[in-house]
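Data first, discussion second: the structure below is written as structure tokens.
Letters A, B, ... mirror the listed sequences (proteins, then strands); counts begin at 1. Values reported hereafter were calculated over all heavy atoms of this structure, with side chains retained and with hydrogens, waters and symmetry mates removed.
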2 protein chains.
Amino acid sequence: MIAERGVAGLKTRDLAREIGCANGAVYNLVADVDELVLRVGSRTLHRLDKALSAAESAGDPSPHETLVRIAIAYCDFAAENLELWRALFEHRMAADKILPDWSINDQMQLFRHIYHPLALLLPERSPEELGITARSLFSAVHGMVALGLEQKLVAVPLPALRNEIAGLVRAMLDGLVARAE
Amino acid sequence: MIAERGVAGLKTRDLAREIGCANGAVYNLVADVDELVLRVGSRTLHRLDKALSAAESAGDPSPHETLVRIAIAYCDFAAENLELWRALFEHRMAADKILPDWSINDQMQLFRHIYHPLALLLPERSPEELGITARSLFSAVHGMVALGLEQKLVAVPLPALRNEIAGLVRAMLDGLVARAE
DNA sequence: AGGAACATTGAACATCGTTCAATAAAAAAT
DNA sequence: ATTTTTTATTGAACGATGTTCAATGTTCCT
């Protein structure tokens, strides 16, 4: 239902009807809708993880090109799973509620894909520095995808967005390597 | 009220009490809450615009350093106006409702600040290309700020985030210039 | 003053997530 | 096999919330 109507279109009553139980029975499976969204998010993150893994190992094994492929794969996944991908980020729960551990773990795994190629590219950096840089790189690409897929502003055709991402990732990596020398 | 409790904490009844009128009277000022959020967003965008303008003209006038200052200013503004800044991006309205023109215009102005220094840096590029690159740069910085200020994941101290942004912006610009030569 | 245009009110409506007493089903115990 | 205990399910009810609207004020022009 999230995939079809977005996270705002997920209603407990519709869901109950779809799975064939009473409205209240949903709360036997899940504490509240927050958890429901998080559990769907967990599945989405695992599928995303697989997509990035595939991109990581396919094609030119140079760190440069591997990282570009991962960025493009991220963009493609977001475009093909738009509402599910959005649900990962735009669902805010009450500030006092704490994320369960399994949800935090899911999110952390993403940076793993970036870390390894980046370590090959920047051998002088410490693991801590690499972790931070990997997160920054991910965030930068995420921003490009997020604003690029936003229909509210100028709609960018997907191929153009992919080119932009590839170009800027290459520039970032060039710049990072050059500065490290 | 958005600044204090976030966009999800904005309730028409609370608002009516605060401004001293009946609940229904809110709808004399505004068609619905979507418009209300957009109007607050417009004010926020104008304040953000001023902050970026100030950063643009203060200090070292080299395009490199100007763009770094703008990125840092964006980060600082987001940190200091967290909920208002979030309201700009995380509020989704029904897909069929169209954004009013004034709201779209407001958003476009932001890229202006990036365009000029970028044009100095990449004199070979056409205005169209520059516009696209400006948007990509903005999006990348936006992503770093957005995920960096997210408390759900590892909380990054603000000074560290500023350093990361400055570093990655410099790397991006270095890379863009090097590739252009 | 009279009346037309506009503004304000607050009750009512629809839609949510969530809770819970009542009930049914299943499992365990005798 | 029957009773008892535990568990699962139901759907009505509750409280919030955005939105509407008939009734009631208010303003202001002639």
Side-chain angles (χ1 to χ4, degrees), chain A residues 1-44 82-104 106 151-152, chain B residues 1-44 82-104 106 151-152:
Chain A
M1 295 183 60
I2 292 178
E4 282 172 15
R5 293 192 273 278
V7 70
L10 173 65
K11 307 294 152 85
T12 59
R13 285 172 177 80
D14 294 346
L15 180 63
R17 192 173 338 112
E18 185 140 330
I19 65 183
C21 70
N23 177 18
V26 171
Y27 293 85
N28 295 335
L29 313 172
V30 116
D32 48 27
V33 285
D34 281 344
E35 185 190 333
L36 188 52
V37 175
L38 287 182
R39 300 220 102 108
V40 174
S42 180
R43 295 189 187 181
T44 307
L82 189 56
E83 294 298 344
L84 287 169
W85 173 76
R86 279 179 176 164
L88 293 177
F89 298 98
E90 72 185 25
H91 175 70
R92 304 202 89 74
M93 10 188 291
D96 52 349
K97 283 175 71 169
I98 50 165
L99 278 216
D101 285 345
W102 53 265
S103 179
I104 295 187
D106 284 344
Q151 301 291 6
K152 291 196 281 194
Chain B
M1 294 182 63
I2 292 178
E4 283 171 15
R5 294 192 271 280
V7 71
L10 173 65
K11 308 294 152 87
T12 59
R13 285 170 176 80
D14 294 346
L15 180 63
R17 193 172 338 110
E18 185 140 329
I19 65 182
C21 70
N23 178 21
V26 170
Y27 293 84
N28 295 334
L29 312 172
V30 118
D32 48 28
V33 285
D34 281 343
E35 185 189 333
L36 189 51
V37 173
L38 287 182
R39 300 220 101 108
V40 173
S42 180
R43 295 189 188 181
T44 307
L82 189 55
E83 293 297 344
L84 287 169
W85 172 77
R86 280 180 176 164
L88 293 177
F89 299 97
E90 71 185 27
H91 176 69
R92 303 202 92 74
M93 8 188 291
D96 51 351
K97 283 175 70 169
I98 51 166
L99 278 215
D101 284 345
W102 52 264
S103 180
I104 295 186
D106 284 345
Q151 300 293 4
K152 290 197 282 196

remark   = Per-nucleotide protein contact along nucleotides 9-24 of chain D, 5' to 3', at a 4.0 Å heavy-atom cut-off (B base, S sugar-phosphate only, - neither), is BBB-B---BBBB----

query = Measuring from B/Asp106:CG to B/Leu88:CG, what's the distance to the nearest 0.5 Å?
reply =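 Atom-to-atom, B/Asp106:CG and B/Leu88:CG are 9.5 Å apart.
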
Are the side chains of [X] and [Y] in touch, meaning some heavy atoms are under 4.5 Å apart?
{"X": "B/Lys97", "Y": "B/Asp32", "result": "yes"}
{"X": "B/Trp102", "Y": "B/Arg39", "result": "yes"}
{"X": "A/Arg86", "Y": "A/Val7", "result": "no"}

query = Rounded to the Å, how far apart are B/Ile19 CD1 and C/dT8 C1'?
reply =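 Taking atom C1' of C/dT8 as the reference, CD1 of B/Ile19 is at 12 Å.
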
message = If the test is side chain to side chain contact (heavy atoms under 4.5 Å, CB included), which one of A/Val33, A/Leu38, A/Ile98, A/Val37 qualifies with A/Met93?
response =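 That would be A/Leu38.
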
